[in-house]
Visitor: 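Input: one structure, supplied below.
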Amino acid sequence: MSNLDLESLRLLLQRVADGDCPVNQALGALRSLPFEDTGFARLDHHRAIRTGFSEVIFCAPKTPEQVAEIASRLAARHCRILGTRATPEQFEAAKKRVPELQYHPLAKALWMDREPERPRKPGVYLLAAGTADLPVAEEAAITLDLMGHSVEKCYDIGVAGLHRLLSCVATLQSANVIIVCAGMDGALPGVVAGLTACPVIGVPTSVGYGTSFSGLTPLLTMLNSCAAGLAVVNIDNGYGAAHLAATINNLAHRQVPE
């Protein structure tokens, strides 16, 4: 079972139930389902079934060879893979093993998608206070796309020029969930949460002068916001914000029985 996800598992079980697949053959397909031990990592192939998306490679502390090995093994079983905080050297090593891999230099993300034309769910909006916040925002955008969600972007609308945000408010009020990436004072997510009815996810970024303390100041600002409906992820965690937004948007698109 090369593409290990919920749909492929459902089809396999249906074939067993219909008598088209012997039980022993199904057991062989499921033998390495829980995880695969590489010697330096245990790859969680079951994660796509539990959470809807396969394990993501956090590349930053790994060697190029380790990233390449993990990417190769994930690509053998999944239609989509993602690696965050990847260097060009890690990407080049991994691409030799997985030629389909792509790289986004700004987001520092490597990824593969064998079903690029599949439909995406609308309803997610992605805001960035300033151009300096784009690396984190683009990490979120790539994650959302791979998880099956279309993204409406609105960049460089920080509170230093509030009229830029106000021009987008009518559109934002149609969102199911909004991600807001902001450094410096980190005030933008609280403002957005006070103008919209949907959940807002604040992402503090490590952008700013000395007293921003590498993102600590915007983190505390967001955590202390008086606007309701605002949740906050860790500093520079565009991936985590995107995963949470995808979960919320999936619920918004879930069909409710009449």
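The basis for the numbers below is simple: all heavy atoms, side chains too, and nothing from hydrogens, waters or symmetry mates. We number each residue from 1, following the sequence as shown.
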Visitor: Does the pair Thr171 and Tyr125 meet the rule for a side-chain contact (heavy atoms from CB on, under 4.5 Å), with working shown?
Guide: CA-CA 9 Å; Thr171 304; Tyr125 282 72; 3.3 Å; yes

Visitor: Knowing that exactly one of Val192, Val203, Ile179 qualifies, which makes a side-chain contact (heavy atoms from CB on, under 4.5 Å) with Leu127?
Guide: Val192

Visitor: Side-chain contact, heavy-atom cut-off 4.5 Å: Asn250 with Met147?
Guide: no

Visitor: Rounded to the nearest 0.5 Å, what separates atom CG in Asn237 from atom CG in Leu244?
Guide: 10.0 Å

Visitor: Can you name the side chain to side chain contact (heavy atoms under 4.5 Å, CB included) partners of Ser225, sequence neighbours left out?
Guide: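 By the side chain to side chain contact (heavy atoms under 4.5 Å, CB included) rule, Ser225 matches Ala227, Leu230.
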
Visitor: Counting distance only, does the side-chain N/O of Asn224 pair as donor-acceptor with the main-chain N or O of Leu220 below 3.5 Å?
Guide: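 Looks like yes, one N/O pair under 3.5 Å.
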
Visitor: Is any side-chain heavy atom of Asn176 closer than 4.5 Å to a side-chain heavy atom of His253?
Guide: yes

Visitor: Are Ser214 and Ile235 packed together at the side-chain level, in the sense that at least one heavy-atom pair is separated by less than 4.5 angstrom?
Guide: no

Visitor: Got a donor-acceptor contact below 3.5 angstrom from the Glu89 side chain to the Pro64 backbone?
Guide: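 Here the side-chain-to-backbone pair does not exist.
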
Visitor: Test His243 against Val56 for side-chain contact (heavy atoms from CB on, under 4.5 Å), laying out the working first.
Guide: CA-CA 11 Å; His243 202 295; Val56 172; over 6 Å; no

Visitor: Pair Cys181, Leu126 - check side-chain contact (heavy atoms from CB on, under 4.5 Å), show working.
Guide: CA-CA 8 Å; Cys181 304; Leu126 177 59; 4.3 Å; yes

Visitor: So how far is it from Leu172 CG to Cys154 SG, rounded to the nearest 0.5 Å?
Guide: 6.5 Å

Visitor: Has the side chain of Ser174 got a donor or acceptor atom that lies under 3.5 Å from a matching backbone atom of Ala170?
Guide: no

Visitor: Sub-3.5 Å donor-acceptor pair from the side chain of Ser150 to the main-chain atoms of Arg120, do we have one?
Guide: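 Absent.
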
Visitor: To the nearest 0.5 Å, how far apart are CG in Leu219 and CG in Asn234?
Guide: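 CG of Asn234 is found 6.5 Å from CG of Leu219.
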
Visitor: Would Val180 and Val169 show up in the same hydrophobic cluster when neighbours are defined by side-chain heavy atoms closer than 4.5 Å?
Guide: yes

Visitor: Just grab all the salt bridge (Lys or Arg N to Asp or Glu O under 4.0 Å) pairs involving residues 208-230, residues at least two apart or on different chains.
Guide: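 Output for this query is empty, none listed.
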
Visitor: When you compare the side chains of Tyr155 and Glu138, does any donor N or O come within less than 3.5 Å of an acceptor on the partner?
Guide: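 A donor-acceptor contact under 3.5 Å links the two side chains.
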
Visitor: With a 4.5 Å limit on heavy-atom distance, are the side chains of Met112 and Val98 in contact?
Guide: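 Result yes, sub-4.5 Å side-chain heavy-atom pair found.
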
Visitor: Answer yes or no: is there a side-chain heavy-atom contact under 4.5 Å between Val159 and Leu165?
Guide: no

Visitor: Within this structure, what is the CD-OG1 distance for the pair Glu92 and Thr87, rounded to the nearest 0.5 Å?
Guide: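 The CD atom of Glu92 sits 9.5 Å away from the OG1 atom of Thr87.
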
Visitor: Of Arg73, Gln66, Glu65, which meets side-chain contact (heavy atoms from CB on, under 4.5 Å) against Glu69?
Guide: Arg73

Visitor: Would you compute the distance between atom CG of Leu216 and atom CG of Leu223 and round it to the nearest 0.5 angstrom?
Guide: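 Going from CG on Leu216 over to CG on Leu223, the span is 9.5 Å.
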
Visitor: Spell out, as yes or no, whether a donor-acceptor pair under 3.5 Å connects the side chain of Thr217 to the backbone of Thr211.
Guide: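 Judged by distance alone, yes, a pair lies under 3.5 Å.
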
Visitor: Check whether any side-chain N or O of Asp133 sits under 3.5 Å from a backbone N or O of Gly130 as a donor-acceptor pair, and report yes or no.
Guide: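 At least one qualifying donor-acceptor pair exists.
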
Visitor: Is there side-chain contact between Lys62 and Ile57, with at least one heavy-atom pair below 4.5 Å?
Guide: yes

Visitor: Taking C-beta and beyond as the side chain, do Val207 and Val136 meet within less than 4.5 Å on heavy atoms?
Guide: no

Visitor: Distance-only, no hydrogens or angles: does the Asp236 side chain make a donor-acceptor pair with backbone N or O of Ser206 under 3.5 Å?
Guide: yes

Visitor: For the residue pair Leu110 and Cys59, establish whether any side-chain heavy-atom pair is separated by less than 4.5 Å.
Guide: yes

Visitor: Honestly curious: do Leu144 and Phe58 fall in one hydrophobic cluster under the side-chain, below-4.5 Å linking rule?
Guide: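 They do not share one cluster, since no chain of ILVMFWY contacts under 4.5 Å joins Leu144 to Phe58.
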
Visitor: So which residues get pulled into Tyr209's cluster when ILVMFWY side chains under 4.5 Å apart are joined, directly or through others?
Guide: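 Its cluster mates, by chain and number, are Met184.
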
Visitor: List the steps and the verdict of side-chain contact (heavy atoms from CB on, under 4.5 Å) for Ile70 and Ile81.
Guide: CA-CA 10 Å; Ile70 294 172; Ile81 62 174; over 6 Å; no

Visitor: In plain terms, say whether Lys108 and Glu139 are close enough for a salt bridge, that is, a side-chain N and a carboxylate O under 4.0 Å apart.
Guide: no

Visitor: Measure from the side-chain N and O atoms of Glu115 to the backbone N and O of Cys79, and report whether any donor-acceptor pair falls under 3.5 Å.
Guide: no

Visitor: Is there a chain of hydrophobic side chains (I, L, V, M, F, W, Y, each step under 4.5 Å between heavy atoms) that links Leu134 to Tyr239?
Guide: no

Visitor: Can you tell me if Arg164 uses its side chain to pair, donor with acceptor, with the backbone of Asp156 under 3.5 Å?
Guide: yes

Visitor: Hydrophobic clustering (ILVMFWY, side-chain heavy atoms < 4.5 Å, transitive) - are Ile142 and Val124 grouped together?
Guide: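 The answer is no; the residues belong to distinct hydrophobic clusters.
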
Visitor: Between Trp111 and His104, how do the two ring planes meet: parallel, tilted or perpendicular, split at 30° and 60°?
Guide: tilted

Visitor: Would you check if the side chain of Asp145 reaches a backbone N or O of Ala141 as a donor-acceptor pair within less than 3.5 Å?
Guide: no

